[in-house]
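Reviewing the structure listed below.
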Amino acid sequence: MKRENSEILNELKHLEETIWFNENYKSFSEVKNSLPISYEDVLDAEKRLNRFAPFLEKSFPETIDGIIESPISKIDNMKKRMEKDYNQKIYGKLILKRDDLLPIAGSIKARGGIYEVLKYAEGLALENNLLKYDDNYSILAENKFKEFFSNYTVQVGSTGNLGLSIGIISAKLGFKVAVHMSSDAKQWKKELLRDKGAKVVEYSSDYSKAVEEGRKLSNDDPNSYFIDDENSKNLFLGYAVGGIRIRKQLENMNIFINQDNPLFVYLPCGVGGGPGGVAYGLKLMYGDNVKCFFAEPTHSPAMLLGLVTGLHDKISVQDIGLDNKTAADGLAVGRPSSFVGKIIENMLSGAFTINDDKLYKFLSTLVDEEDILVEPSALAGFLGPILISKKHENANITHMCWSTGGSLVPEDIKNNYYIKGKK
């Protein structure tokens with residue numbers, strides 16, 4: 001292990017904020033053809049989502065034309081305030097990808113979770129001659145489909161947001177659904193899931209245990225389908241669609257990314273599927289002109305630990321003495337996805353950690369400056385523009401923080417988050 005990696009490991013052990021620049025980074029053109037997924041796979045996923053648009057529009061009128069997408073906001077006031085608070089100029093533009101506003105589930109997990117359930121439903125309906133590819137998929141909202149899907153169960157292990165996205169869409173289609181939730185999961189998320197008709201199974205241990213138990217129970221039932229956040233290609237593809245759609249959104253804002261005008265993207269990371277899929281989609285669009293960084297809490301730096309050591313899921317944060325307890329419930333993961341780690345190990349530019357106090361501080365500041373309130377885990381990327389501007393004094397950079405969730409948070413809890421950040 002290189003000296004700088006042992007230094008980073010030491011900082012992780014002592015809960016110190018750190019940034020790691022990936023020495024295994026390779027040009028995207030070198031790695032893209034050796035990956036277990038392709039651009040064609042992502043385009044196929046986007047086509048499937050488009051086939052389901054009539055169903056989604058009918059079942060969830062809040063989607064625009066049945067498309068699950070979020071806007072991008074310019075946050076100039078936040079940029080000025082961060083420069084003042086950190087006494088550091090941020091070179092270039094600062095924008096915010098608003099996955100906290102994604103329809104249906106209010107988080108980035110609406111991308112992967114909903115996509116995988118839709119793919120499973122389509123497969124079952126096609127196999128049983130209930131559906132043809134050229135049908136108008138709005139028919140899936142009919143009772144005969146709900147009755148058919150009620151013979152099947154969808155199961156997932158989650159700290160919260162993935163469970164919400166899968167629980168909501170599965171129940172809407174008519175599936176029985178069981179969400180296996182770790183001790184970190186917020187109570188309001190459990191209650192919302194039960195309201196939507198999902199069965200919530202609670203565990204006193206952490207995320208990895210909830211996934212393991214859910215997988216075991218699902219495997220015992222031939223009519224059960226387990227959505228495996230640690231190893232799912234379909235989840236990954238759902239997220240990757242979000243990455244490839246960015247180009248058009250930015251061009252509509254007159255932001256054109258090229259070698260002289262690079263894009264730096266800061267993605268909160270838990271087990272890795274969401275940020276990994278988005279990063280892959282962005283790389284398909286922009287190649288080496290986009291630099292992707294993962295952001296993790298100091299108490300739960302699972303992906304960074306897996307990448308720095310090269311051990312991926314063979315090491316957990318508990319192995320280095322950390323407790324995996326963080327206010328960023330969606331990022332409270334002790335062991336990363338090896339499937340994602342191995343895909344992104346040569347395309348990720350780096351990763352950094354942030355302490356919980358800063359998450360709350362950024363949260364309240366974003367409310368004060370931009371009137372945007374998101375959940376704590378969605379703020380993890382905000383340290384990125386500060387850290388990168390210390391290294392890159394390039395006024396042509398576009399910095400994009402990816403806000404991963406928050407619109408479903410109950411008002412009283414939002415207020416508590418805000419108050420905590422003001423202390």
Side-chain angles (χ1 to χ4, degrees), residues 60 62 70 73 75 78 96-110 113 156-169 171 179-204 206-207 210 268-270 274 295-300 323-333 354-383 401-423:
F60 301 96
E62 67 270 26
S70 70
S73 300
I75 47 169
M78 183 67 175
L96 184 64
K97 178 59 174 162
R98 300 292 309 276
D99 272 8
D100 54 289
L101 296 179
L102 274 178
I104 304 176
S107 81
I108 189 173
K109 301 296 188 179
V156 64
S158 175
T159 56
N161 284 345
L162 182 64
L164 276 178
S165 75
I166 285 164
I168 291 168
I169 190 71
V179 181
H180 301 264
M181 298 188 99
S182 52
S183 53
D184 330 277
K186 300 274 188 266
Q187 192 57 37
W188 69 264
K189 291 183 181 177
K190 295 174 190 170
E191 285 164 12
L192 182 57
L193 270 169
R194 289 187 177 112
D195 287 347
K196 299 285 182 186
K199 177 185 176 189
V200 176
V201 187
E202 298 185 54
Y203 296 88
S204 56
D206 77 355
Y207 165 84
C269 179
E296 296 181 285
T298 50
H299 284 253
S300 306
D323 60 6
N324 191 30
K325 298 230 177 303
T326 170
D329 59 320
L331 311 182
V333 172
I354 179 169
N355 69 48
D356 280 13
D357 287 346
K358 280 204 180 88
L359 294 176
Y360 283 116
K361 186 79 188 133
F362 279 130
L363 186 151
S364 61
T365 306
L366 190 62
V367 175
D368 291 345
E369 300 300 331
E370 304 286 351
D371 199 21
I372 294 171
L373 198 152
V374 298
E375 59 189 354
S377 53
L379 280 306
F382 273 77
L383 205 50
C401 295
W402 205 286
S403 167
T404 44
S407 62
L408 295 187
V409 178
E411 283 305 316
D412 59 328
I413 293 169
K414 282 182 180 175
N415 291 337
N416 290 345
Y417 287 160
Y418 179 77
I419 291 161
K420 229 172 190 172
K422 295 301 279 184
K423 282 178 182 169

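- For Glu375, the side-chain hydrogen bond (donor to acceptor under 3.5 Å, both in side chains) criterion is met by Asn161, Lys189, not counting sequence neighbours.
- With sequence neighbours left out, Ser158 forms a side-chain hydrogen bond (donor to acceptor under 3.5 Å, both in side chains) with no residue at all.
- Atom CG in Leu379 sits 9.0 Å away from atom SG in Cys401 (nearest 0.5 Å).
- A salt bridge does not link Asp323 with Lys325: every distance from a Lys NZ or Arg NE/NH1/NH2 to an Asp or Glu carboxylate oxygen is 4.0 Å or more.
- Residue Leu162 comes nearest to Val156 through the heavy atom pair CD2-CG2, 3.7 Å, listed as atom of the first residue, atom of the second, then distance.
- At most 12 heavy atoms of other shown residues, nucleotides or ligands fall within 6.0 angstrom of atom NZ in Lys420.
- Residues passing the side-chain hydrogen bond (donor to acceptor under 3.5 Å, both in side chains) test with Ser165, sequence neighbours excluded: none.
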Full working for side chain to side chain contact (heavy atoms under 4.5 Å, CB included) between Leu192 and Leu164: CA-CA 8 Å; Leu192 182 57; Leu164 276 178; 3.7 Å; yes
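- A donor-acceptor pair under 3.5 Å links the side-chain atoms of Ser107 to the main chain of Lys109, judged by distance alone.
- For the atom pair CG of Leu408 and CD1 of Ile104, the computed distance is 11.0 Å after rounding to the nearest 0.5 Å.
- Partners of Asn324 according to the side-chain contact (heavy atoms from CB on, under 4.5 Å) rule, which considers only residues two or more places apart in sequence or in another chain, are Asp206, Ser300, Val317, Gln318, Ala332.
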Return all side-chain donor-acceptor pairs below 3.5 angstrom for residues 409-417, not counting sequence neighbours, or 'none' if the list is empty.
from   : atom 1 : to     : atom 2 : distance (Å)
Asn415 : ND2    : Glu411 : O      : 3.4

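- No donor-acceptor pair under 3.5 Å is formed between the side chain of Glu296 and the backbone N or O of Leu331.
- Between the CG atom of Leu96 and the CD atom of Glu370 there is a distance of 8.5 Å, given to the nearest 0.5 Å.
- Proximity of a side-chain donor or acceptor of Ser377 to a complementary backbone N or O of Ala328 within less than 3.5 Å is not detected.
- The main-chain N or O of Leu102 is never found under 3.5 Å from a side-chain atom of Asp99 such that the two would form a donor-acceptor pair.
- Contact detail for Ala210 and Ser182: the closest heavy-atom pair is CB-N, 4.0 Å.
- The side-chain contact (heavy atoms from CB on, under 4.5 Å) search around Val333 returns Tyr207, Val271, Ala302, not counting sequence neighbours.
- A donor-acceptor contact shorter than 3.5 Å links the side chain of Asp356 to the backbone of Ala327.
- Atom SG of Cys269 is separated from atom CH2 of Trp402 by 14.0 Å, given to the nearest 0.5 angstrom.
- Leu383 has its side chain within reach of Lys358: a pair of non-hydrogen atoms, C-beta onward, lies under 4.5 Å apart.
- Take Tyr203 and apply the ring pair (Phe, Tyr, Trp, His ring centres under 6.0 Å) test, not counting sequence neighbours, and it matches His180.
- For the atom pair Thr365 OG1 and Ile372 CD1, the distance stands at 12.5 Å (nearest 0.5 Å).
- Listed by first and then second residue, the ring-ring contact (aromatic ring centres under 6.0 Å, His included) pairs involving residues 356-375 are Tyr86-Phe362, Phe362-Phe382 (not counting sequence neighbours).
- Of all the heavy atoms in Thr326 and Pro297, the pair that sits closest is OG1-CB, 3.5 Å.
- Of all heavy-atom pairs spanning Val374 and Ser403, the tightest one is CG1-OG, 3.2 Å.
- Ser407 places a side-chain N or O within donor-acceptor distance of the main-chain N or O of Asp100, the cut-off being under 3.5 Å.
- The salt bridge (Lys or Arg N to Asp or Glu O under 4.0 Å) check on Glu202 picks up Lys190, Arg194, with sequence neighbours excluded.
- Contacts of Lys97 classified as salt bridge (Lys or Arg N to Asp or Glu O under 4.0 Å), with partners at least two apart in sequence or in another chain: Glu69.
- Residues satisfying the salt bridge (Lys or Arg N to Asp or Glu O under 4.0 Å) test with Lys422, not counting sequence neighbours, are Asp368.
- In terms of heavy atoms, Val179 sits closest to Gly163 at CG1-CA, 3.7 Å.
- The salt bridge (Lys or Arg N to Asp or Glu O under 4.0 Å) check on Lys361 picks up nothing, with sequence neighbours excluded.
- We find the CG-NZ distance between Leu193 and Lys196 to be 9.5 Å, quoted to the nearest 0.5 Å.
- Nearest heavy atoms, Gly381 versus Pro268: N-CG, 4.3 Å.
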